[in-house]
Amino acid sequence: MKYIFLFITSFVFAQQTKFVDFKSVSAQLSLNAIEKTVSGSVDYNFEVLQAIDTIKIDAKNMEFTQVKIDGKEVVFVNTGKQLQLISNFQKGTNHLTFNYSVKPKQALYFVDIENAEVQIWTQGQGRYTSNWFPSFDDVNEKVIFNLGITYDSAYQVVSNGILKEKTANGNLSHWQYEMENPMSSYLVMLAVGKYDKKELKAKSNIPLEYYLENKDLARFEPTYRYSKRIFDFLEKQIGVKYPWEIYREIPVRDFIYAGMENTTSTLFATRYVVDSIGFADRNYTNVDAHELAHHWFGDLITAESSTHHWLQEGFATYYALLAERDIYGDDYFYSKLYDTAQQIKFASRTDSIPVLNAKASSLTFYEKGAWTLFVLHESIGDKAFKKAIKSYLKKYAYQTVNTQNFFDEIKKVSDFDLDKFQKTWLESTAFDTPTANALLSKNKAIQVRLEVDKLKKTTLAEKKEFFVKTLSSDVYSAVKEAIVNQLENEKYDAKKELLQLALKTNNIQVRQTVAETMTKIPEDFRLEYESLLDDKSYQTQEIALFWLWRNFPDHRTAYLNKSKNWIGFNDYNLRTLWLSLALSTTDYSDNPEALISELIAFSSTKYEAGTRQNALEKLIAFKIINDEVLTNLVNATTHHMWQFSKFGRDTIRILLKNIELRASFERILPNLTPDEQFQLNRLLKE
């Protein structure tokens, strides 16, 4: 009998939203940064739509007490994955309360930083909010979330919605946030840190809050240079007022992705916190626009399943590109589309999964999804497209949607052949190059770019005159970059004049392409190449410094003296490179031990993963390896960022092939933390 009961309730859970509608939740939470735990009291209101015997809330590895419905204790089962409420539930409204505690394994992260401070942040998409808050992994269950959080008064605490009240009690404060409309659980967020913020108002009067860590206030303007402009543009372009009460943007350390569109409060990676020089290579503009666009396409209306994920990512990618077009112009817009078309075409040779498939790649969901919208927009015209988008958003506001819902709104404004369109763009893995090229060729820069690309297999002698003319013209920089890339494998004497012309463009991206493609620098090009060290680009400076140091040993001291005070991006790219080059230059430093200590420090847990990986790569490449370096490398394998932990594992596997280094790893093993010992033991046994 027990097994039949379990089968029935499992079947019911797959369709729980048909039986139960959770309306709202209020919770009062406490965070413990030392224990890395969350605890609190939770208050859910829900309506039973049809009689049901088991109601389930997703909850990973949590403990529950005081579980009551309408003030009365209820039978419950804690499976370790779900809180299951057992009763004879009949139609009507109910009030569920309980207390819980959890030490999250993922989705909520406590990031230790210098001076015993901490940042705490969440990532629900792909990680599930149910790891830290009892909620719903099913996106179709939309709830109004109101969270209150108690924490150290020295910090800023942010959640979804409007901050209704902040009260202080000694060293602790309580922040109470409230929302007016429902959303899927993956969009619930917390962010805790020592931030300053600037408050602005959109043209539509929506409050805008932009956060930065106290140490980064000088970077406010370049980081958020176009943020308000993007907000105002998207409201006008989409034609539907921003659907929430407030909008915030908050950078967090060691964030897993570039950004995340948590409703009302976007989180983004600190790599996009830049000064005016860093803006040239690593600005926040695209991520900013993408995450904001999601507040309509993803937060307001949510794809009902992964099959229709392009309705979120394709839309956010396309509208971000439209916002960039408003800022940077048509040439930028069409060049970005051209580049992604090349990526999609190349990937389609091996990628057999189309857009309308839950297993499609990110490139497919994002870039081909955006291309799908671009073609549709161009095909039916701007007026019809905007009318359909407006109708689509208003009709399905705060609901889930599928592709047919979107196409139904297109049919109301156009007789465009959507069946053929869907087969070509959403169900086929091939890329419709003729249609794409016809649309792209409306732009003059792309017309020239297509001519350049046709010459890839033509001898330099035959195309040189055309290249000279193009590099000397005012054509968009991406075309000139394409020319420089074609020169990479040509003989120096034949391409020298073209390289000189490329440098004389004084365009940062074109000059950077010269830096990247000239790994062997002839003596008679040295002075011209050295000019790259003065470019207002940390990326260009890093590339140029390395290749000049590599090519001209007699000038190493001069290069190191010139760059000794360089820092670079906030991941210290130039400083870590300088330290490794200085240590590898004979007799350069009077105190190499101090330089070694500084470089090793950059690989420690005091810094973000990007900085640590930069330092570890250079320490290992230049063979500056001791027990401290190996310990920091092992620690990388325990990091929550999969890219960094993978780097740690892969690097250790290579080093273990060296008998002496294997012995060193075995020697440090007893002094590691339990998590570090577990990871290293696994690698030693492979």
Side-chain angles (χ1 to χ4, degrees), residues 13 16-17 20-32 35-48 54-87 89 93-108 120 122 124 127-139 141-151 157-165 167 172 174-192 262-263:
F13 179 60
Q16 180 166 289
T17 54
V20 184
D21 181 13
F22 280 83
K23 300 289 189 179
S24 66
V25 59
S26 296
Q28 304 305 319
L29 307 179
S30 292
L31 306 172
N32 187 321
E35 300 294 330
K36 294 181 168 47
T37 59
V38 184
S39 60
S41 59
V42 180
D43 188 328
Y44 267 110
N45 288 308
F46 66 93
E47 181 180 359
V48 176
T54 305
I55 296 175
K56 303 182 180 183
I57 298 174
D58 294 306
K60 311 291 193 302
N61 305 305
M62 296 181 183
E63 298 295 330
F64 295 96
T65 59
Q66 299 292 309
V67 182
K68 298 179 181 180
I69 292 182
D70 298 328
K72 297 178 182 178
E73 290 191 1
V74 64
V75 176
F76 72 91
V77 175
N78 181 358
T79 70
K81 294 183 178 180
Q82 295 169 340
L83 172 63
Q84 300 183 353
L85 309 171
I86 315 296
S87 186
F89 295 102
T93 58
N94 295 268
H95 189 66
L96 166 67
T97 58
F98 56 82
N99 298 331
Y100 84 102
S101 61
V102 64
K103 186 172 185 175
K105 293 183 177 179
Q106 57 180 358
L108 185 146
I120 307 168
T122 58
R127 289 291 188 273
Y128 297 126
T129 297
S130 58
N131 281 278
W132 67 271
F133 187 79
S135 50
F136 306 94
D137 297 345
D138 181 0
V139 299
E141 183 64 88
K142 293 203 169 197
V143 180
I144 298 173
F145 287 87
N146 302 304
L147 300 187
I149 305 97
T150 299
Y151 199 69
V157 175
V158 181
S159 188
N160 310 86
I162 295 289
L163 177 60
K164 298 296 287 187
E165 185 180 34
T167 55
L172 297 177
H174 185 78
W175 290 260
Q176 184 63 51
Y177 286 89
E178 291 185 9
M179 292 200 63
E180 294 179 1
N181 292 297
M183 64 182 182
S184 302
S185 295
Y186 76 90
L187 296 163
V188 180
M189 63 78 66
L190 290 177
V192 179
N262 308 295
T263 310

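Start at 1 with the first residue, then count along the sequence.
- What you find for P104 and V38 is that their closest heavy atoms are CG-CG2, 4.2 Å.
- Residue pairs meeting the salt bridge (Lys or Arg N to Asp or Glu O under 4.0 Å) criterion with at least one partner in residues 95-104, sequence neighbours excluded, do not occur; the list is empty.
- When all heavy atoms of I57 and P134 are compared, the pair lying nearest together is CG2-C, 3.6 Å.
- Atoms CG and NE2, from L172 and H174 in turn, are 11.5 Å apart once rounded to the nearest 0.5 Å.
- Counting only heavy atoms from C-beta outward, the side chains of H95 and K68 never approach each other to under 4.5 Å.
- The CZ atom of F76 lies 11.5 Å from the CD1 atom of I69; values are rounded to the nearest 0.5 Å.
- The CZ atom of F46 sits 11.5 Å away from the OG atom of S24 when rounded to the nearest 0.5 Å.
- Not one N or O on the side chain of D43 forms a donor-acceptor pair closer than 3.5 Å with the backbone of T97.
- For the residue pair I86 and F89, the shortest heavy atom distance occurs at C-CE1, 4.2 Å.
- What you find for E178 and N146 is that their closest heavy atoms are CA-OD1, 3.0 Å.
- At distances below 3.5 Å, not a single donor-acceptor pair connects side-chain atoms of Y128 with backbone N or O atoms of A59.
- The shortest side-chain heavy-atom distance between L187 and F145 does not fall under the 4.5 Å cut-off.
- Of the residues listed (K81, K60, Q82), the one engaging D137 in a side-chain hydrogen bond (donor to acceptor under 3.5 Å, both in side chains) is K60, and it is the only one.
- Side chain of S185 to backbone of T129: no donor-acceptor contact under 3.5 angstrom is found.
- A 4.5 Å side-chain heavy-atom check between V42 and V25 finds at least one atom pair inside the cut-off.
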field: From CA spacing to verdict: salt bridge (Lys or Arg N to Asp or Glu O under 4.0 Å), D21, K23
entry: CA-CA 6 Å; D21 181 13; K23 300 289 189 179; 2.8 Å; yes
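- Atom OG1 in T263 sits 5.0 Å away from atom CE in M179 (nearest 0.5 Å).
- Remark: the backbone N or O of M189 is paired with a side-chain donor or acceptor of N160 at under 3.5 angstrom.
- Considering only residues two or more places apart in sequence or on other chains, K142 meets the side-chain hydrogen bond (donor to acceptor under 3.5 Å, both in side chains) condition with T302.
- Legend: residues meeting ring pair (Phe, Tyr, Trp, His ring centres under 6.0 Å) with Y151, ordered by chain and number and at least two apart, are Y155.
- Here the side chains of V67 and Y100 are not in contact, with every heavy-atom distance at 4.5 Å or above.
- Checking side-chain atoms of N78 against main-chain N and O of M62 turns up a donor-acceptor pair under 3.5 Å.
- When each of V188, N131, L190 is tested with T122 by the rule side chain to side chain contact (heavy atoms under 4.5 Å, CB included), just one qualifies, namely L190.
- Here the side chain of T150 pairs no donor or acceptor atom with the backbone of S30 at under 3.5 angstrom.
- Nearest heavy atoms, S130 versus S135: N-OG, 3.5 Å.
- Within the model, atoms CG of L108 and CZ of F133 stand 12.0 Å from one another, a figure rounded to the nearest 0.5 Å.
- Closest non-hydrogen pair, F22 versus V143, comes out as O-CG2, 3.6 Å.
- The aromatic rings of Y44 and F136 lie perpendicular to each other, with more than 60° between the two planes, well past the 30° mark.
- Here L85 contributes atom CG and L96 contributes atom CG; the two are 5.5 Å apart, rounded to the nearest 0.5 Å.
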